[in-house]
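For the single chain, residues carry numbers from 1 onward in sequence order.
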Amino acid sequence: MIMGSAVAEAGAPVQEAAKGRRSSLTRSRVRAAWLFIAPSLIVVALIAGWPLARTIWFSFTDASLNDLSDYKFIGLENYLAHYDGEWFGILIEPDWWRSVWNTLWFTLVSVSLETVLGIVVALILNAAFPGRGLMRAIILIPWAIPTIVSAKMWSWMLHDQFGVINDLLLRIGLIAAPVSWTANADTALWAAVMVDVWKHTSFMALLILAALQMLPQDIYEAAKVDGVSPVRVFFRVTLPLIKPALLVAVIFRSLDALRVFDLIYVLTSNSKDTASMSVYARQQLVDFQEVGLGSAASTLIFLIIALVVVITLAAGRVRLGEDPR
């Protein structure tokens with residue numbers, strides 16, 4: 001016992017020294033990491049941080065696009081103000097809340113469909129079959145096409161007089177007369193969802209496929225030996241393992257969908273019934289030249305997107321910087 005205590009006491013300084021070296025090495029690595037990412041952080045602050053701060057500032061002013069140097073601070077009047085017994089501001093504007101609803105509905109439906117279809121496509125591409133590499137390249141073509149190009153292409157395809165979609169549906173007897181897909185408020189948003197799903201499903205499939213490629217194969221071999229059905233393996237094994245990557249894909253697509261502008265603007269023009277939040281903000285900034293109101297709308301878009309990200313992370317039970325449980 002005495003000898004063991006002596007050995008332990010003699011080894012304590014060595015352990016403390018080793019712990020100190022590890023701590024010093026960790027601090028050195030942290031400093032090196034900050035040194036390497038500092039230029040990127042500075043660039044991001046200049047490119048994104050400054051315009052965001054300037055937009056938020058303009059939302060508290062009466063700035064006009066005619067002369068951005070001539071404005072005055074008006075506080076929260078662009079958001080909400082009360083004069084002579086009446087309320088004014090973007091927060092009581094029906095067109096704004098309609099655009100918020102349109103955007104949230106578009107995001108929920110399109111991202112949900114893209115997630116489900118992306119999982120299906122990723123599972124197919126993850127299987128071994130002849131020409132798999134070529135199929136993986138082909139599936140990315142819709143995503144590689146610029147949004148403005150694909151939107152214009154689909155606007156012609158959905159045209160009620162010259163569109164190939166109406167012609168095909170008329171030939172097979174699904175419709176009796178041409179349908180104005182993008183001019184009718186009842187179908188315009190669905191048309192935008194269809195185009196968005198066509199374009200971005202491959203993006204979701206790519207991210208999910210990358211997660212599938214990282215899964216250990218011995219789990220599936222053990223499940224096959226045990227006779228577990230493929231459906232049960234997917235829901236009990238595959239889906240939980242790819243959950244972090246799936247959540248990242250959903251967040252990325254949700255961020256993109258919440259900022260949708262060009263797709264809806266090209267397909268449905270400047271209709272109030274289908275306008276997204278970005279279309280509404282652009283209308284205030286450019287058409288009406290009200291920089292203050294447009295900046296207030298842009299600031300609210302930023303806050304809504306941040307709130308959606310927080311809710312998504314909370315719903316996915318993912319803590320930043322920790323392993324998902």
Once you round to the nearest 0.5 Å, how far does OG1 of Thr182 lie from CG of Leu189?
-> 11.5 Å
For Ser276 and Phe261, indicate whether the former's side chain and the latter's backbone hold a donor-acceptor pair under 3.5 Å.
-> no
Taking every non-hydrogen atom, the tightest pair across Leu246 and Ile208 = CD1-CD1, 3.5 Å
Does the side chain to side chain contact (heavy atoms under 4.5 Å, CB included) test come out yes or no for Asp160 and Val179, once each step is laid out?
-> CA-CA 5 Å; Asp160 57 336; Val179 178; over 6 Å; no
Assess whether atom CZ of Phe252 is packed by more than 12 heavy atoms of other residues, nucleotides or ligands within 6.0 Å.
-> no
Using 4.0 Å as the upper bound for N to carboxylate O, is an ion pair formed by Asp256 and Arg253?
-> yes
Going from OG1 on Thr147 to CG on Asp262, what distance comes out if it is rounded to the nearest 0.5 angstrom?
-> 5.0 Å
May I ask you to decide if Arg282's main-chain N or O and Asp287's side chain share a donor-acceptor pair within less than 3.5 Å?
-> no
In terms of heavy-atom contacts, Asn102 and Asp273 come closest through ND2-O, 3.0 Å
CG (Asp186) and OG1 (Thr274) are apart, to the nearest 0.5 Å, by 11.5 Å
Does the side chain of Val291 reach to within under 4.5 Å of the side chain of Leu68, using non-hydrogen atoms?
-> yes
Specify whether Tyr71 and Trp57 have parallel, tilted or perpendicular ring planes, treating 30° as the upper limit for parallel and 60° as the lower limit for perpendicular.
-> perpendicular
Derivation of the side chain to side chain contact (heavy atoms under 4.5 Å, CB included) call for Val109 and Trp190 | CA-CA 9 Å; Val109 176; Trp190 280 108; 3.9 Å; yes
Evaluate whether atom CH2 of Trp156 has more than 12 neighbouring non-hydrogen atoms of other residues, nucleotides or ligands under 6.0 angstrom away.
-> no
Spacing of Ile74 atom CD1 and Asp62 atom CG [to the nearest 0.5 Å] = 5.0 Å
Specify the closest pair of heavy atoms between Thr103 and Met277, including all atoms of both residues, with the distance to one decimal.
-> OG1-N, 2.9 Å
Write down the atom of Ala297, the atom of Trp96, and the distance for their closest heavy-atom approach.
-> O-CH2, 3.8 Å
Should the heavy atoms of other residues, nucleotides or ligands under 6.0 Å from CE of Met153 be counted, would the total exceed 12?
-> yes
Check whether any side-chain heavy atom of Ser155 lies under 4.5 Å from a side-chain heavy atom of Lys152, and answer yes or no.
-> yes
Any Met204 side-chain heavy atom under 4.5 Å of Leu117 side chain = no
Counting only heavy atoms not in Phe288, do more than 12 sit closer than 6.0 Å to its CZ atom?
-> yes
Got Leu255 and Ile305 here, is their nearest side-chain heavy-atom distance under 4.5 Å?
-> yes
For the pair Gln213 and Leu209, evaluate side chain to side chain contact (heavy atoms under 4.5 Å, CB included) and give the outcome as yes or no after the intermediate values.
-> CA-CA 6 Å; Gln213 294 285 296; Leu209 178 61; 3.9 Å; yes
So does Phe129 have more than 12 non-hydrogen atoms from other groups sitting under 6.0 Å from CZ?
-> yes
Residue pair Val111, Val250: steps toward the side chain to side chain contact (heavy atoms under 4.5 Å, CB included) verdict | CA-CA 7 Å; Val111 173; Val250 169; 4.1 Å; yes
Evaluate the ring planes of Phe60 and Phe73, with Trp represented by its six-membered ring, and classify them as parallel (under 30°), tilted (30 to 60°) or perpendicular (over 60°).
-> tilted
4.5 Å side-chain heavy-atom contact, Phe106 and Leu263 = yes
Tested for ring pair (Phe, Tyr, Trp, His ring centres under 6.0 Å) against Trp198, the lone hit among Phe203, Trp143, Trp154 is Trp154
Decide yes or no for Leu158 and Asn166: does some side-chain heavy atom of the first lie under 4.5 Å from some side-chain heavy atom of the second?
-> no
Sub-4.5 Å side-chain heavy-atom contact between Phe234 and Leu123 | yes
Residue pair Leu300 / Leu91: nearest heavy atoms and the distance that separates them | CD1-CD2, 4.0 Å
OG1/Thr238 to CD1/Ile219 distance, rounded to the nearest 0.5 angstrom?
-> 8.5 Å
Asn78 (side chain) donor-acceptor with Ile90 (main chain) under 3.5 angstrom | no
Using the salt bridge (charged side-chain N to carboxylate O under 4.0 Å, His left out) rule, take Arg98 and Asp95 through it: C-alpha gap first, then chi angles, then the decisive distance, then the call.
-> CA-CA 5 Å; Arg98 186 184 297 113; Asp95 291 340; 2.7 Å; yes
Other than Val116, which residues form its hydrophobic cluster under the rule that side-chain heavy atoms must be closer than 4.5 Å?
-> none
Which atom names give the shortest non-hydrogen contact between Ser180 and Thr187, and what distance separates them?
-> O-OG1, 3.5 Å
Between atom NE2 of His82 and atom CG of Asp84, what is the distance when rounded to the nearest 0.5 Å?
-> 8.5 Å
Can you get from Val195 to Leu258 by hopping between Ile, Leu, Val, Met, Phe, Trp and Tyr side chains that sit under 4.5 Å apart?
-> no
